[in-house]
Number of protein chains: 2
Amino acid sequence: MTDADAPILAPEQQLCFAVYAAGQAFSRLYRPLLQPLGLTYPQYLVMLILWEGQPVTVTGIGRRLGLDTGTLTPLLKRLEASDLVVRTRSAEDERRVVVTLTEKGRQLKAEAKAIPEAVACASGRDLPDVMRLRDEINALSKALDASRGCT
Amino acid sequence: MTDADAPILAPEQQLCFAVYAAGQAFSRLYRPLLQPLGLTYPQYLVMLILWEGQPVTVTGIGRRLGLDTGTLTPLLKRLEASDLVVRTRSAEDERRVVVTLTEKGRQLKAEAKAIPEAVACASGRDLPDVMRLRDEINALSKALDASRGCT
DNA sequence: CAAAATTATATTGCACACAATATAAAATGG
DNA sequence: CCATTTTATATTGTGTGCAATATAATTTTG
């Protein structure tokens with residue numbers, strides 16, 4: 001049997017595709033929940049960080065979400081255009097852009113309160129089970145990142 | 001305590017973010033593996049389907065990968081520009097676009113053979129464990145999709 | 001302290017990803 | 001058999017996502 005005829009692993013059988021498809025499923029689930037707030041899912045992740053505490057820098061957000069400035073700068077500009085955040089240069093270090101919530105951005109937190117519960121409910125699992133699966137997937141990510149560059 | 005002061009669930013604590021981050025980790029892992037083949041990860045998924053069997057229609061690919069034509073049409077055009085596939089209108093049903101491999105596309109299969117093993121190795125798990133996690137994540141996707149539109 | 005290296009962000013270009021719309025072909029129903 | 005509906009794909013517009021590059025501000029070093 002030549003390589004061109006060899007059986008190939010179908011995407012549906014692979015772990016990477018399962019993760020890919022689960023990401024799509026979460027995206028589909030969040031879209032209608034976030035639409036009333038005028039947020040996309042990545043924008044929601046940024047808002048979660050800001051609701052947790054301010055101010056934060058662009059780099060600080062990027063480190064937590066694993067996103068670089070090519071993604072974050074236009075995303076933050078859209079949030080600024082929606083009057084949810086303000087971007088200002090830091091006085092101490094002019095290289096830093098500090099992101100803070102506007103009053104409108106602060107108030108959006110109340111409207112977002114029901115979302116985590118709706119998502120948890122959609123998963124059809126109890127909290128300990130969700131946490132277990134989350135930790136296992138996080139361990140997977142860590143293993144994948146650790147092995148990059150190695151044999 | 002007002003809503004604006006209420007504690008918020010940090011992204012790092014949520015299952016959805018774990019899945020999101022794992023997708024990023026897989027993407028980072030695949031990029032250097034696929035770069036020698038001149039493929040992106042979504043293009044690799046399409047090629048896996050074609051290597052499994054031809055011809056396939058655009059809709060057939062989209063159904064398996066969960067992608068719509070707005071994503072697939074330009075992706076397939078890029079694969080065609082790279083001389084890996086050919087797109088032709090079906091004679092029986094002129095609405096269908098049939099995708100087939102070129103000789104170059106067929107031969108690329110041999111170069112891709114080592115990838116699944118490299119990825120499996122990077123996960124640091126044995127095959128049964130990979131399959132168990134895959135099935136669990138697939139069950140999660142199914143639960144998320146099933147609950148959309150309900151309650 | 002001045003030159004070199006580092007750090008923080010922005011910009012550009014390319015590639016998904018999806019909603020909404022358009023178009024044309026095929027199937028269906030009266 | 002013709003009007004309606006459905007199906008298959010394409011197009012457009014918006015929003016990520018990342019590599020590569022640019023720029024300006026800080027830090028480090030000789």
Side-chain angles (χ1 to χ4, degrees), chain A residues 17 20-32 34-35 37-47 55-63 65-82 84 87-99 148, chain B residues 17 20-32 34-35 37-47 55-63 65-82 84-85 87-99 145 148:
Chain A
F17 182 71
Y20 178 77
Q24 290 174 321
F26 268 120
S27 178
R28 280 190 295 270
L29 176 65
Y30 270 102
R31 198 181 312 278
L34 292 175
Q35 190 155 359
L37 313 190
L39 294 175
T40 65
Y41 178 64
Q43 289 170 2
Y44 172 68
L45 293 178
V46 170
M47 292 301 287
V56 291
T57 63
V58 175
T59 303
I61 296 171
R63 204 159 17 226
L65 300 183
L67 298 174
D68 73 358
T69 63
T71 301
L72 284 175
T73 296
L75 187 157
L76 289 167
K77 282 183 175 175
R78 277 186 282 270
L79 290 179
E80 190 170 39
S82 301
L84 296 174
R87 300 181 317 129
T88 48
R89 288 273 167 190
S90 163
E92 310 94 64
D93 185 340
E94 293 255 333
R95 294 171 305 178
R96 294 166 184 272
V97 169
V98 168
V99 183
R148 275 171 35 234
Chain B
F17 182 71
Y20 178 77
Q24 289 174 321
F26 268 119
S27 177
R28 280 190 295 269
L29 176 66
Y30 270 101
R31 198 181 312 279
L34 293 175
Q35 190 155 359
L37 312 191
L39 294 175
T40 65
Y41 179 64
Q43 289 170 2
Y44 172 68
L45 293 179
V46 171
M47 293 300 288
V56 292
T57 64
V58 175
T59 304
I61 297 170
R63 205 159 18 225
L65 300 183
L67 297 173
D68 73 358
T69 64
T71 301
L72 284 176
T73 296
L75 186 156
L76 290 168
K77 283 183 175 175
R78 277 184 284 269
L79 290 180
E80 191 170 38
S82 302
L84 295 174
V85 308
R87 301 182 316 130
T88 49
R89 287 275 168 191
S90 163
E92 309 94 63
D93 186 340
E94 294 254 334
R95 294 170 305 179
R96 293 167 184 272
V97 168
V98 169
V99 183
D145 279 332
R148 276 170 35 232

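Order of the sequence lines sets the chain letters (A, B, ...), proteins ahead of strands, with each chain counted from 1. FYI, side chains are in, hydrogens and waters are out, and symmetry mates aren't considered; it's all heavy atoms of this structure.
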**Message:** Rounding to an integer number of Å, can you tell me how far B:D93 CG sits from D:dT7 P?
**Reply:** 12 Å
**Message:** Counting only side-chain nitrogens and oxygens, does B:R87 get under 4.0 Å of the OP1 or OP2 atom of D:dA10?
**Reply:** yes
**Item:** Closest contact, heavy atoms only, A:P74 versus A:T69
**Value:** CD-O, 3.9 Å
**Message:** Categorize A:E92 for me: base, sugar-phosphate, or nothing, with a 4.0 angstrom heavy-atom threshold over every strand shown.
**Reply:** sugar-phosphate
**Prompt:** A:S82 and A:R78: side-chain donor and acceptor closer than 3.5 Å?
**Reply:** no
**Complete:** Scoring nucleotides 11-19 of chain C by protein non-hydrogen atoms under 4.0 Å (B base, S sugar-phosphate only, - none) yields B---SSBBB
**Message:** Between C1' on D:dG17 and CG on A:L72, what's the gap in Å once rounded to a whole number?
**Reply:** 10 Å
**Item:** Interatomic distance where CG belongs to B:L34 and P belongs to D:dA19 [whole Å]
**Value:** 14 Å
**Item:** Nearest-angstrom distance from the residue atom CG of A:L65 to P of D:dT16
**Value:** 12 Å
**Prompt:** What integer distance in Å separates A:I61:CD1 from D:dT16:P?
**Reply:** 13 Å
**Asked** For the residue pair B:R89 and B:V97, what are the closest heavy atoms and their distance?
**Response** CZ-CG2, 3.7 Å
**C:dA26 phosphate, OP1 or OP2, under 4.0 Å from B:R95 side-chain N/O** = no
**Request:** For residues B:L84 and B:L39, determine if any side-chain heavy atom of one lies less than 4.5 Å from a side-chain heavy atom of the other.
**Result:** yes
**Complete:** Closest non-hydrogen atoms of A:V58 and A:L72, given as atom of the first, atom of the second and distance, are O-CD1, 3.6 Å
**Request:** Determine whether the aromatic ring centres of B:Y41 and B:F26 lie less than 6.0 Å apart.
**Result:** no
**Item:** Sugar-phosphate, base or nothing in reach of B:R63, heavy atoms under 4.0 Å
**Value:** nothing
**Between D:dA8 (P) and B:R96 (CZ): distance, integer Å** = 5 Å
